[in-house]
Amino acid sequence: MDNARDRITQEIVEAEDLKLLAAVDTYGYQCPGCQTQAFPRSYRPENLVRAHFQLRDPHVSGCEVEGEIKVIAQGKRGSVQQELETSPGLSPARLQLIEDRTIVDPALPHTESQTQSVRRSDGATGLVRREGRRAANSIRPICRAFLRFPFDRHLSLAIPGIAPTTYQTAFKKLRSKGLEPCPNARVFYGELAWTPAAESPEHLTISLNAGEWEEKKLTPYQVVVLWSKWSAAARGRLKNELEIARQENIKAKKDKQASRSYLFFVGAQDAKNPAIFHVLDHRLICTAHDELVFPVRS
Ligand SMILES: [Zn+2]
């Protein structure tokens with residue numbers, strides 16, 4: 001599972017975000033659907049496997065999170081809108097950036113900004129009642145949903161600073177057909193290059209396998225992450241995530257799979273050099289590995 005619920009705050013937590021915490025309570029999480037204990041795995045920044053949650057005991061019968069695996073598989077072949085409308089975890093409706101996670105006193109009432117999706121459980125079964133589409137605290141679950149549900153990109157999506165209001169229109173692919181001017185804010189994405197990212201104390205420079213071809217040489221789009229003010233944990237997490245994504249990409253290509261690793265980010269194109277994009281916030285950049293599908297409209 002990509003996410004779980006914090007037992008104390010009741011927030012849904014992305015496994016990858018555990019890498020930003022100084023200490024992880026391995027007993028502090030549960031399945032968002034049925035409250036079965038969920039254990040964080042590969043949550044250290046240096047782990048070269050994507051962070052996730054694992055259950056030791058089975059889900060309670062009828063748990064909707066257990067059913068999500070089926071929905072994800074179906075989502076590649078056709079619309080699963082109805083399931084997405086009632087699932088808190090699969091297809092976020094908006095991005096809501098909050099300040100870094102702090103230890104919340106369980107005795108204090110939750111404020112709206114802390115709580116993206118408060119549990120409403122049925123006391124008798126322990127199953128959580130169905131909720132609507134939740135907000136995400138980073139672009140990661142949004143980008144995953146973009147790849148997973150190609151037939152449901154008409155669903156609403158609100159991202160502060162980005163004018164279009166659907167998955168279909170809020171994302172923009174950076175292609176290999178020349179360097180395009182991109183004056184409007186979007187969630188930009190492109191296939192990650194095989195070249196490792198280059199780091200300095202001020203920047204991390206990430207190359208895409210997209211840009212402008214001239215005489216068989218690619219001038220790639222590059223994403224320059226200004227990370228000098230980031231915590232060591234946030235820097236380490238991005239570096240390692242990029243390395244995981246790069247390895248996944250090389251392996252997929254060699255194994256002749258259709259999936260690729262994509263870099264997603266919200267950032268501004270450089271005023272002078274259209275090959276360069278600038279990213280400032282660690283919540284606005286991530287990778288995802290999946291097959292990119294564009295349904296043919298009939
Ligand atoms: Zn469950």
Side-chain angles (χ1 to χ4, degrees), residues 1-21 23-44 47 49-96 98 101 103-104 106 110 114-149 152 155 286 288-290:
M1 304 195 309
D2 306 314
N3 56 53
R5 208 181 282 278
D6 184 305
R7 289 162 74 101
I8 294 171
T9 65
Q10 291 299 314
E11 285 173 287
I12 290 181
V13 178
E14 278 286 311
E16 280 290 329
D17 287 342
L18 298 179
K19 292 182 172 177
L20 300 175
L21 302 180
V24 171
D25 175 6
T26 51
Y27 291 92
Y29 301 93
Q30 53 191 205
C31 171
C34 69
Q35 303 180 55
T36 302
Q37 192 148 34
F39 295 91
R41 295 279 182 258
S42 301
Y43 55 84
R44 293 190 179 85
N47 284 135
V49 174
R50 288 186 188 272
H52 57 280
F53 289 96
Q54 205 172 46
L55 265 55
R56 282 186 200 154
D57 300 318
H59 292 273
V60 173
S61 165
C63 171
E64 69 173 66
V65 170
E66 190 178 23
E68 286 180 355
I69 297 163
K70 227 190 259 174
V71 176
I72 291 167
Q74 286 169 352
K76 273 278 156 59
R77 300 191 297 269
S79 175
V80 285
Q81 177 168 355
Q82 210 177 348
E83 289 82 351
L84 298 183
E85 300 273 17
T86 54
S87 151
L90 287 179
S91 167
R94 60 193 184 280
L95 175 68
Q96 186 178 50
I98 54 171
R101 218 163 276 285
I103 304 299
V104 179
H110 301 304
Q114 283 169 346
T115 342
Q116 36 178 315
S117 187
V118 177
R119 184 190 64 179
R120 281 171 290 275
S121 69
D122 179 326
T125 63
L127 286 177
V128 176
R129 258 184 267 146
R130 286 187 170 269
E131 303 166 48
R133 300 167 66 220
R134 69 178 170 119
N137 297 149
S138 73
I139 63 169
R140 187 184 308 280
I142 294 172
C143 300
R144 232 171 17 222
F146 174 81
L147 289 173
R148 276 178 179 169
F149 307 112
D152 292 296
L155 288 184
C286 70
H289 184 89
D290 204 338

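Just so we're clear, the structure is a prediction, and the values are computed from it rather than from any experiment. Just so you know, residue 1 is the first one in the sequence shown, and it goes up from there. Quick note: numbers below take in every heavy atom, side chains included, and nothing from hydrogens, waters or symmetry partners. Indexing begins at 1, ligand by ligand and atom by atom, following the structure's order.
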Metal environment of the Zn ion (ligand 1), protein N/O/S under 2.8 Å
C31 SG, C34 SG, H59 ND1, C63 SG

Under a 4.0 Å N-O cut-off, is there an ion pair linking E14 with R144?
yes

Does Q10 reach the main-chain N or O of R7 with its side chain, forming a donor-acceptor pair under 3.5 Å?
yes

With sequence neighbours excluded, what pairs up with R41 under the side-chain contact (heavy atoms from CB on, under 4.5 Å) test?
F39, H52, Q54, R56

Report the C-alpha separation of R148 and L90 in whole Å, then their side-chain angles, then the decisive distance to 0.1 Å, and conclude whether the side chain to side chain contact (heavy atoms under 4.5 Å, CB included) test is met.
CA-CA 9 Å; R148 276 178 179 169; L90 287 179; 4.1 Å; yes

Determine whether I139 and F146 satisfy the following criterion, side chain to side chain contact (heavy atoms under 4.5 Å, CB included), listing intermediate values before the conclusion.
CA-CA 10 Å; I139 63 169; F146 174 81; over 6 Å; no

When rounded to the nearest 0.5 Å, the distance separating CG of N137 from CG of L95 is 8.0 Å

